[in-house]
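Keep in mind it's a predicted model, so treat the numbers as computed, not measured. Here is how names work: the chains are called A, B, and so on, in the same order as the sequence lines, proteins then strands, and each is numbered from 1.
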There are 2 protein chains.
Amino acid sequence: MKEEYCDASETIKQSGLARTPQRMAVLEALILAIHPLSAADILALTAEKTKINRVTVYRILASFRDRGIIREIETGHANSSYEMACAHNPVHPHFRCRDCGRIICLPPLTLSQAWDWLAQPADFTVERIDVQLIGLCAECIKKDNGNTVASDNF
Amino acid sequence: MKEEYCDASETIKQSGLARTPQRMAVLEALILAIHPLSAADILALTAEKTKINRVTVYRILASFRDRGIIREIETGHANSSYEMACAHNPVHPHFRCRDCGRIICLPPLTLSQAWDWLAQPADFTVERIDVQLIGLCAECIKKDNGNTVASDNF
DNA sequence: ATCATAAATGCAACAAACTTGCAAACAATT
DNA sequence: AATTGTTTGCAAGTTTGTTGCATTTATGAT
């Protein structure tokens, strides 16, 4: 999905946040990621490079999200993923596997259609559209044949 | 969104599940609801009519969902809502307020467009599309003027 | 109608994801 | 280098949902 990369140092500087090793590690992980990362993913990746606490990861993610540096993809059942929100990674829908929870980025082809009809006046503001396609990914289709009960998978 | 109502007793009978007072109370609450209900909402509503336990609500909701009687709307941060999945309440997108978490049903106007481009072949199966519009509802626009920080609201 | 059996419920304990309070450590500016 | 406000780590807490097991209840057969 991404063809170019942001500069982590520059991004943090422009945000007004302090350039700490922990924030650098989190942002670099997200910049290099080819798919959205959960907080647990990020903790695992950053812990290799820096001393970092689980709580710190949550706080850094919240601070980045609040400044529009990253997008939070809410995947249900308290397990959000995060991706860069820079010019190199425009808003796009995601596919989520109901079985393994995997998040796959989809091309941003049809969102313009959705925005069109949102141009109609309404008494609420729409800041974001989450288009989530939920089903089974290739691996899980192979893995379970006729024995999957939706309730048991989360 | 709903113009007619299902019969709770009949629905349970056809599902093969036992017709317990707890299941009747949960289903009746969902049938009469004008917007999706959380497990907590349902516990509060049903506790007025029947002796019912928190765990029982979760189990009843799972059993209904697995049989296609209701739909689960995953709203992020571990707080699902539920709505009837009967003929009177076809699949439709939802609006969710980022501030108060309120879920509002939207008309099912554009889902056909989304299904269209999904007809293209892919190596995963799409069982469901969640279209979530996230922003601020009328009440919350009034309530907070320029002082809302996204991170503090969940 | 009663009984037997499988299903459903309640309770207590558990689990995962995330949050809060506060003291210690650190980054950025002077 | 000192200061000051930000950031981090740790421990404890909260919320939402789940599991195990004993008790109760619905249902179908007698």
Side-chain angles (χ1 to χ4, degrees), chain A residues 8-10 12-27 36-44 46-47 49-67 69 72-82 100-101 103 149-154, chain B residues 8-9 12-27 36-44 46-47 49-67 69-70 72-82 100-101 103 149-154:
Chain A
S9 197
E10 187 60 25
I12 290 176
K13 183 159 287 175
Q14 289 185 0
S15 73
L17 295 166
R19 188 180 162 288
T20 65
Q22 290 84 355
R23 282 212 254 253
M24 284 294 289
V26 169
L27 192 51
L37 301 177
S38 68
D41 292 338
I42 291 169
L43 179 61
T46 55
K49 303 183 177 177
T50 305
K51 184 204 179 217
I52 188 166
N53 185 271
R54 208 169 58 89
V55 176
T56 302
V57 172
Y58 284 119
R59 287 200 272 230
I60 288 175
L61 289 171
S63 70
F64 286 171
R65 180 198 52 197
D66 293 348
R67 272 150 242 257
I69 296 170
E72 179 176 8
I73 302 153
E74 296 178 328
T75 58
H77 297 264
N79 200 341
S80 289
S81 291
Y82 300 86
C100 66
I103 307 284
V149 177
S151 64
D152 300 323
N153 297 319
F154 260 111
Chain B
S9 197
I12 291 176
K13 183 159 287 178
Q14 290 186 359
S15 73
L17 295 166
R19 187 180 162 288
T20 65
Q22 290 84 355
R23 283 213 252 255
M24 284 295 287
V26 169
L27 192 50
L37 302 177
S38 68
D41 292 337
I42 290 167
L43 179 60
T46 53
K49 302 184 179 176
T50 304
K51 183 201 179 221
I52 189 166
N53 185 270
R54 207 170 61 88
V55 176
T56 302
V57 171
Y58 284 117
R59 288 200 272 230
I60 287 174
L61 289 171
S63 71
F64 285 171
R65 180 198 54 200
D66 293 348
R67 271 150 242 259
I69 296 170
I70 62 176
E72 179 176 8
I73 301 152
E74 295 177 330
T75 59
H77 296 264
N79 199 340
S80 288
S81 291
Y82 300 86
C100 65
I103 308 283
V149 176
S151 64
D152 300 323
N153 298 321
F154 257 110

> Taking only residues two or more places apart in sequence or in another chain, which ones pass side-chain contact (heavy atoms from CB on, under 4.5 Å) with B:Leu43?
Replying inline: B:Ile52, B:Arg54, B:Val57

> Is B:Arg54 touching bases, backbone alone, or none of the nucleic acid, heavy atoms closer than 4.0 Å?
Replying inline: base

>> So if I take every side-chain heavy atom of A:Ala39 and compare against C:dC18, D:dT8, C:dG10, which nucleotide ends up nearest?
In response: C:dC18

> Minimum heavy-atom separation for A:Lys51 to A:Gln22, with atom names?
Replying inline: O-NE2, 3.2 Å

> To the nearest 10 degrees, how far apart in direction are the end axes of the helix from C:dA1-D:dT30 to C:dT30-D:dA1, each fit to five base pairs?
Replying inline: 30°

>> Applying side-chain contact (heavy atoms from CB on, under 4.5 Å), can you list everything that pairs with B:Ala25, at least two apart in sequence or on another chain?
In response: B:Thr46, B:Thr50

>> OP1 or OP2 of D:dG17 versus the side-chain N and O atoms of B:Tyr58: is any pair under 4.0 Å?
In response: yes

>> Whether A:Asn53 contacts D:dT8 is assessed here as follows: a side-chain N or O lying under 4.0 Å from the phosphate OP1 or OP2. Is that the case?
In response: no

>> Looking at every non-hydrogen atom in both residues, tell me the closest pair between B:Ala39 and B:Tyr58 and how far apart they are.
In response: CB-CE2, 3.5 Å

> Could you state the CD1-P distance from A:Ile42 to D:dT8, rounded to the nearest angstrom?
Replying inline: 14 Å

> Starting at CE of B:Met24 and ending at P of D:dT25, how long is that distance when rounded to a whole Å?
Replying inline: 18 Å

> With side chains defined as the heavy atoms from C-beta onward, is the minimum distance between B:Phe64 and B:Leu17 less than 4.5 Å?
Replying inline: yes

>> Among residues at least two apart in sequence or on other chains, which ones pass side chain to side chain donor-acceptor pair (under 3.5 Å) with B:Thr20?
In response: none

> Can you list the residues that meet the side chain to side chain donor-acceptor pair (under 3.5 Å) rule with B:Ser63, with sequence neighbours excluded?
Replying inline: none

> Quick one: CG on B:Leu27 to CD1 on B:Ile12, what's the gap to the nearest 0.5 Å?
Replying inline: 5.0 Å

>> Rounding to an integer number of Å, can you tell me how far A:Asp66 CG sits from D:dT6 C1'?
In response: 16 Å

> What is the distance, rounded to the nearest whole Å, between atom CG of B:Asp41 and atom P of D:dT15?
Replying inline: 15 Å

> Which whole-number value in Å describes the distance from A:Asn79 CG to D:dG17 C1'?
Replying inline: 13 Å

>> Protein within reach of the bases, or only the backbone? For nucleotides 21-30 of chain C, mark each nucleotide 5' to 3' as B, S or -, using heavy atoms under 4.0 Å.
In response: B-----SS--

> Would you say a side-chain N or O of B:Gln22 is under 4.0 Å from OP1 or OP2 of D:dT25?
Replying inline: no

> Rounded to whole angstroms, how far apart are CD1 on B:Ile52 and C1' on C:dC11?
Replying inline: 14 Å

>> Using 0.5 Å steps for rounding, measure from the CD1 atom of A:Ile73 to the OG atom of A:Ser80.
In response: 9.0 Å

>> Rounded to whole Å, how long is the line connecting atom NZ of A:Lys13 with atom C1' of D:dT6?
In response: 17 Å

Quick one: which protein N/O atoms are closer than 3.5 Å to N/O atoms of nucleotides 1-4 of chain C? Pair and distance per line, please.
none

>> Distance check, rounded to the nearest 0.5 Å: B:Leu61 atom CG versus B:Ser38 atom OG?
In response: 9.5 Å

> Can you tell me how far CG of A:Asn53 sits from CD1 of A:Ile60, rounded to the nearest 0.5 angstrom?
Replying inline: 10.0 Å

> To the nearest Å, how far apart are B:Lys51 NZ and D:dA26 C1'?
Replying inline: 16 Å

> For B:Arg19, which residues count as a side chain to side chain donor-acceptor pair (under 3.5 Å) partner, sequence neighbours excluded?
Replying inline: B:Ser9

